[in-house]
Amino acid sequence: MMNAIHPLHVIVALILLLCMKTSSLVSQSLSKDSNRINLRYLDLSDNSFEGAIPHELGNLSQLQYLNLSSEFLRNTFFVGKSDWLFNLSSLTQLDLSGTTVAPPSIWVSLIQRIPSISLMRLEGCELLAPSCTLDNFSSSISNLHLQHNNISSSIFNCLSHLSGSLEVLDLSVNDLKGRIPQSFGHMTALTYLDLSSNQLSQAIPNSFGCMTALTFLDLSSNQLHGEFPNSLQNLSILKVVDFSFNNLTGSLPNFTLLSSLTELVVNFNQLDGYLPTVFEKHSALQILDLSNNHLKGSLPDFTGLSSLESLDLHNNEFFGNLPNFTGLSSLRDLHLSNNEFSGSLPDFTGCSSLEVLHLDKNKFTEWGAQSTGSLSSLTDLDLSMNSIESTITETHLSNLSSLKHLSASYNSLTFEFSSEWLLPFQIDSLYLSSCKLGPKFPNWIRNQYIIGSLDISHSQISDTIPIWFWNISTAMGLLNLSSNEIRGKFSYVPPEIALIDLSSNYFDGPLPPIPVDCIEINLSKNKFSGTLFSLGIVEDRGFTRSALFGPVSLDISHNQLFGALPDCWMLLPSLGFLNLGYNNFSGRIPTSIGNLGSLEALILRKNKLYGKLPASLRNCRSLGFADFSFNKLSGEVPSWIGEDLPQLYALILKANRFYGSLPIEICHLSNLHFLDLSMNRISGTVPTCFGNFTAMIRKGKEVVRHIYYSDDPPYNSPAEYRYTYFDDVLATWKGQEYEYGSNFAYLKMIDLSTNNLTGEIPIGITRLLELKGLNLSGNRFYGEVPVEIGELKVLESLDLSTNKFSGEIPSSMSGLNFLAFLNLSNNNFSGKIPSGTQLQGFNTSTYDGNTELGGKPLTNICPIDNIGPSSSEYEVDEDSSEYKRWLCIGGVLGFSTSFWGIIGTLVLNQRWRHAYYLSLYKLKERFYVAIAVHIGKLQRKV
C-alpha cells in the first residue's frame, strides 16, 4: 500500500506541472533538489505537454507512481533518451499512455530492470514487439496494458515467461496475426484477457480451459473460426465473454457450468442450430447478444434469467410465437427484429423496466392493447414491417408516458382516436408510413413540439395542411408526407430540415424555400409552379454551409415549373442525384452544372431546353445516368461523352435535334447497357466498334438502386441514414412506350430509330450477347441482315422496320427463342420466311411491305414454292414411287429367306450346328496363338 502523500510532494508536482514546457528550468530544479525530495507519487496526466520528457525525472529514485498519460491519446509528449526510466528503481505503477516512447520495445527492458513494477500502462505509445526471451529474471508485473500499438505476434514469446505473475493482459487493437498459442493455458493467474481487434485466426485453443481464474475474456473483432471449445466449461468464475465479429460456427453450448456469467456477446458470427433450452442456472446473466447469426427454431423459456437487462437476437432465423417474458423485471432492451416470429404480440406487462422494444421485420399479425399498453418506462417501440392488422385506439398508447420513438410503418394499422384526444407524451420520432391515418390530417399530434422526425407517407390523407402544423414542425430534421392526396400550398420548411419528401401529392403554388443544409429534397409529382429560383438553395448568397455539404439528392420532376435554369450549381458540390424532368424549363443548360463533380444521375427529360450540351459536363466524371430526352437540344453528339464519362451506363438523347455522325469515342463506354439516340437527325454509319459495350455482353442485372450514407443524418433518424434513389427510364419496348424503374436493371438495349443512319448493320452488334432490345427502325440501313444475329439468344425485341434491308431473312433468327416482338415491315426482304415456330408465330403485319417475301404466316405463296411440277414429272414420280415400293418388298423377302435359311438349318440339324460351333472355336484359337506370338517377339526386342 502506498504511503500518504506529503504536502511538499504536491508542491513539487505543481512546480513540475507549471514548468514542464521549459525543460531547462525543470532540469535545474530537479538536479538541485531531487535527491532531497522523497517524492513517491507524481500524476501529471491529461495535460497538453509538448516536447521531450525531462530526463531529470530519473533522479526521483523514491518514486513509486508516475502518470504522464493523456486521456485521449493526443499528447505530443515523447520519451527521448529513455535511460532515466531505469533509475526509478522503486516504481510500482507507470502510465505513459498517449506518449511516444523510444525505443518502441523499451517496455520489455522496463520489466526486466525494474522488478518492483506491477502495473504498466502504455496504451497508444507506438510500441513494437521485439524478438525477446525474458529468461532468468524475476518480475512482479501483474497488470500489462499495451493496447492501441503496433505489436505483432512475436510478443507471445515474451509473455510466455510472465505466465506466473500476469493477472491482467490487454493487447487489443494491435497487429497480432495467426493462431492464438496454446501457451496461454499456462497463465493460470490471469483474470482479465483482451485480444480484441486484431487479425487472429483459426480456432480458439482448448488450453483456454486451463485459465480457471479468468473472469473477463474478449476475443472480438478477429478472424477466428471453428466451434466453441468444450474446455470453456471449466471457466466456472468467468463473468464476461465477447466473441463478436468473428467466423465462429456450430451451435451455441449451453454453458451449464458457467453460472457466474453476466455478459455473453457472440454477435456477427456464423452460429447455427437451436438455442439451449435451459437457462435457469444463469440467473446472473445481464447481457445476452447473439444477433446477426443463423440461429433458428423457437425461443426457449427465459424466465430463469431474472437479472437479464439486455437481450439481442435480431437478424437470425428464429420463428414461431414469442415465449412468456413474465418475471424479467430487470429487462430494459429487447431486440428481436429481422426474424420470422409470428402470431400476436405477447403480454409484456411483467417487463416493467422495458425501455427499448424492437420487433420489426417479422410476421406478427396482431397488436393487442394489453401487450404493450402498461409499459410506462418504454421509450423506443419499433413494430414496423410486419403483417399486423389491428385498429389502434387510445388504450394502446395512453399509458406509454415515456415514449420517445414510435415506428409502426408498413403494417395494416388503422389509427382511430377521438377528435379531441392527444398523445400523452412528447415524441421525438414518429414513423407511420403505410398506416391508415386519413382522410383527415392526424389531429392527435398537434401538441408535439419537439418532434424531430415525422413520416406519415402512404397514409390515405386527403386534406390540407392544418395551421397548427407549422408550429410543431420547427424542430424537424425529417419530414415525409409523400404519396397522399394533400393539397394546398407548402410555404414553410423547418430551418433544421435535412430530409423533406412531399412527392406524389397535390401541392401547388411556388416551390417552398429549402434551407441550404437540407440533404435530400423530393418535391416531385405535385403541381408546384413558378421558377426554380424560389427553391432558395440555387441562389448565389455567398459562402454558406452548403458549399461544404448541401443536398445529395434533389428531385422536383413532374411539376409545372418554367423559366431558365439557374447558373449557380457550383454551390451544390455534394449533389449526386438531380431530376428536373417533366417540367417546362427553357433556355440552355447552364455551364455551372459541370461543377457537380459528385453527380451520378442527371435527368432533364421532357422540358424545352435548347442549344448544345455544355462541354463542362465532361467534368462530371462520376456521371452514370444521363437523360436529356424530349427537349430541343442540338449539335453533334459530343466525342467527350465517350472520352471523359467512363462511368456512364445509360445515355438517353431521345427526341432532340442532334445531327452529324456518331463519334467513334462512344465505343469507350464499356459500362453502357442502355443507349437511346432515337428521334434525332443523326446520319452516317454506325461505328463498327459497337461490340465494345461490354456491359451488354456480361450476364446479370445492372445496378439501378443507389444508396448514399450520410455522415450528418437528420435529427432522430437512424444512425446510418441512407438516401436511396432508383433509376427510371422511358423506353420504346416491343413497339410500346414504357417507364421502367427497378426492372431497368435487366434492360440492355440499343435504340437508334428514326434518324438518318445508313450502311449495313455492323457485325459488332451481334457480339452483344446479353442484348435484349434492338431498334434500328426508320433509318436508311441497307444490305442483308448478318446471319450472326442468331447469336443474340436473349433478344426479346427486334425492330428493323422502314429501312432498305434486302435479301433473305437469316435462318438463324428462327433460334431466337425469347423473341417476343419482331417488326421487319417496309423493307425489301425476299424469299421464304425461315421455318420454325418462332417466326411463324408473329402477326402478318410483322412482314408487311416486303413484296418478295412469302411463307407462313403470310397468306401469299412463296415465289419459289409457286413453281408446280409438269404432268410428265407427275408420271415419273408415280413410276418412281411404284418402283420403290416393290424394291422394299423384295428386300424384306430376301432378308427373311436368307436369315431363316441359315438359322433354321442350325436349329433343326444337330450335326451342322456342331460343325458351326467347332469352326468358331478353331477361329478363336488361331487368333489367340497369333497374338501371343506377336507379343513374345516384342518382348524379346525390348
Side-chain angles (χ1 to χ4, degrees), residues 576-577 598-603 605 613 617-618 620-629 637-654 662-678 682 686-707 724-734 738-753 757 761-776 786 788-799 816 818-819:
F577 176 80
S598 301
L599 194 65
E600 295 182 9
L602 174 61
I603 304 172
R605 182 191 310 155
L613 292 177
L617 274 173
R618 68 196 310 166
C620 302
R621 295 185 61 85
S622 298
L623 191 64
F625 187 95
D627 188 347
F628 302 98
S629 60
V637 177
S639 60
W640 50 259
I641 289 180
E643 294 172 337
D644 299 319
L645 303 180
Q647 305 301 321
L648 205 63
Y649 57 86
L651 175 61
I652 308 168
L653 303 179
K654 180 178 183 176
L662 290 175
I664 195 172
E665 289 82 5
I666 202 171
C667 298
H668 298 166
L669 300 174
S670 59
N671 293 310
L672 198 68
H673 76 87
F674 187 87
L675 175 64
D676 191 346
L677 306 179
S678 63
I682 301 171
V686 177
T688 58
C689 57
F690 261 40
N692 294 346
F693 299 143
T694 54
M696 301 187 194
I697 300 175
R698 62 175 177 248
K699 293 185 177 182
K701 68 177 184 177
E702 305 300 319
V703 175
V704 297
R705 184 187 185 196
H706 306 273
I707 301 174
T724 304
Y725 75 85
F726 289 87
D727 292 329
D728 76 275
V729 65
L730 191 66
T732 301
W733 178 250
K734 300 179 181 179
Y738 297 98
E739 188 163 356
Y740 287 83
S742 58
N743 50 357
F744 173 59
Y746 299 94
L747 193 58
K748 298 185 178 184
M749 178 177 171
I750 295 176
D751 190 345
L752 304 178
S753 63
L757 293 167
I761 297 178
I763 198 68
I765 287 183
T766 65
R767 292 196 289 266
L768 305 177
L769 302 182
E770 292 298 309
L771 193 66
K772 295 191 175 182
L774 177 62
N775 191 347
L776 303 179
E788 290 84 358
I789 199 168
E791 298 299 319
L792 304 179
K793 299 297 185 182
V794 298
L795 197 66
E796 298 180 25
S797 178
L798 176 62
D799 193 343
L816 300 178
F818 290 94
L819 197 62

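Because only heavy atoms are used, hydrogens play no part in the values below, and waters and symmetry mates are left out as well, while side chains stay in.
The distance from atom CD1 of Ile603 to atom CD1 of Ile652, rounded to the nearest 0.5 Å, is 8.0 Å. Of the inter-residue distances, the one linking Cys620 atom SG with Leu648 atom CG reads 11.0 Å to the nearest 0.5 angstrom. Once rounded to the nearest 0.5 Å, the distance linking CG of Leu774 with CE of Met696 reads 9.5 Å. For the atom pair Ile789 CD1 and Ile765 CD1, the distance stands at 8.5 Å (nearest 0.5 Å). Interatomic distance, Leu747 CG to Leu771 CG, rounded to the nearest 0.5 Å: 9.5 Å. To the nearest 0.5 Å, the span separating CZ on Phe674 from CG on Asp627 amounts to 8.5 Å.
Arg618 pairs by the side-chain hydrogen bond (donor to acceptor under 3.5 Å, both in side chains) definition with Asp644, not counting sequence neighbours. Remark: Ser753 engages Ser678, Asp751, Asn775, Ser777 in a side chain to side chain contact (heavy atoms under 4.5 Å, CB included) (not counting sequence neighbours). In this structure Cys667 satisfies the side chain to side chain contact (heavy atoms under 4.5 Å, CB included) test together with Pro687, Cys689, Phe690, Asn692, sequence neighbours excluded.
In plain terms, the two heavy atoms of Leu816 and Gly790 that are nearest each other are CD2-O, 3.7 Å. Nearest heavy-atom pair, Ser629 versus Arg605, reported as atom, atom and distance to 0.1 Å: OG-CG, 3.1 Å. The shortest non-hydrogen separation linking Ile761 to Pro786 is CB-CD, 4.0 Å. Across all their heavy atoms, Arg621 and Glu643 have their closest contact at NH1-O, 4.5 Å. Closest heavy-atom contact between Leu645 and Leu617: CD2-O, 3.6 Å. Residues Leu669 and Phe693 share a closest heavy-atom pair of O-CD2, 3.4 Å.
Within 6.0 Å of the CD1 atom in Ile664, the count of heavy atoms belonging to other residues, nucleotides or ligands does not exceed 12.
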CA sep, side-chain torsions, deciding dist, call: Leu792, Leu798, side chain to side chain contact (heavy atoms under 4.5 Å, CB included):
CA-CA 10 Å; Leu792 304 179; Leu798 176 62; over 6 Å; no
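Lys793 contributes no side-chain N or O that, together with a main-chain N or O of Leu769, makes up a donor-acceptor pair within less than 3.5 Å.
Within the 4.5 Å cutoff, no side-chain heavy atoms of Ile682 are placed close to those of Leu653. In this structure, the side chains of Met749 and Asp676 stay at 4.5 Å or more apart for every pair of heavy atoms. No side-chain heavy atom of Lys748 sits less than 4.5 Å from a side-chain heavy atom of Val794. Leu768 is listed as a side-chain neighbour of Ile750, based on a closest heavy-atom distance under 4.5 Å.
Relative orientation of the Tyr649 and His673 rings is parallel, given thresholds of 30° and 60° on the angle between their planes.
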